[in-house]
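Note that these values count all heavy atoms, side chains included, but never hydrogens, waters or copies made by symmetry. Quick caveat, the model's predicted, so the values are computed rather than measured.
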Amino acid sequence: MALQQTIDYARPEHFAEVLARTGDELANLRDEGRRKVFVFRDRATRRADVMAFYGDATSVRPLAFAATIKDMKGLLHNG
């Protein structure tokens, strides 16, 4: 099973970047019209990760997060 993170509203790519930074494995990146969909492999902690992100109860190291942002933007623009 995989979680799909669709990029179509205010800064949700940061959620995908947090997932990647906290150890979730990116399984696929695909186009859906003008949107990009990050597909992550599912984990037992998925629900807790989502709730922590949207509840502002998680943190990542800033430099590591910045590096992940660059990596994922590269994927968005270069496939």
Side-chain angles (χ1 to χ4, degrees):
M1 179 171 236
L3 170 77
Q4 296 182 7
Q5 172 65 45
T6 304
I7 305 305
D8 67 345
Y9 52 93
R11 310 303 294 175
E13 65 270 19
H14 290 307
F15 175 56
E17 291 151 356
V18 167
L19 290 177
R21 190 70 243 149
T22 57
D24 287 52
E25 182 183 346
L26 182 63
N28 193 11
L29 175 66
R30 69 171 186 265
D31 294 321
E32 281 192 2
R34 294 180 48 178
R35 299 182 226 180
K36 297 284 189 179
V37 178
F38 291 98
V39 181
F40 289 90
R41 299 212 185 282
D42 205 7
R43 296 190 331 172
T45 61
R46 170 76 59 225
R47 184 171 174 11
D49 293 343
V50 171
M51 297 304 288
F53 177 80
Y54 286 107
D56 201 22
T58 191
S59 64
V60 294
R61 293 184 354 251
L63 293 177
F65 183 68
T68 303
I69 289 171
K70 287 180 183 179
D71 292 344
M72 294 185 85
K73 282 187 178 183
L75 287 173
L76 286 173
H77 298 291
N78 301 320

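Of all the heavy atoms in L29 and L76, the pair that sits closest is CD2-N, 4.1 Å. Closest approach of F40 and D24 over heavy atoms only: CD2-CB, 3.8 Å.
With sequence neighbours left out, the side-chain contact (heavy atoms from CB on, under 4.5 Å) criterion links A67 to no other residue. The salt bridge (Lys or Arg N to Asp or Glu O under 4.0 Å) check on D31 picks up K36, with sequence neighbours excluded. For N28, the side-chain contact (heavy atoms from CB on, under 4.5 Å) partners are R30, V39, not counting sequence neighbours.
Linking Ile, Leu, Val, Met, Phe, Trp and Tyr whenever their side-chain heavy atoms come within less than 4.5 Å puts F38 and Y54 in one cluster.
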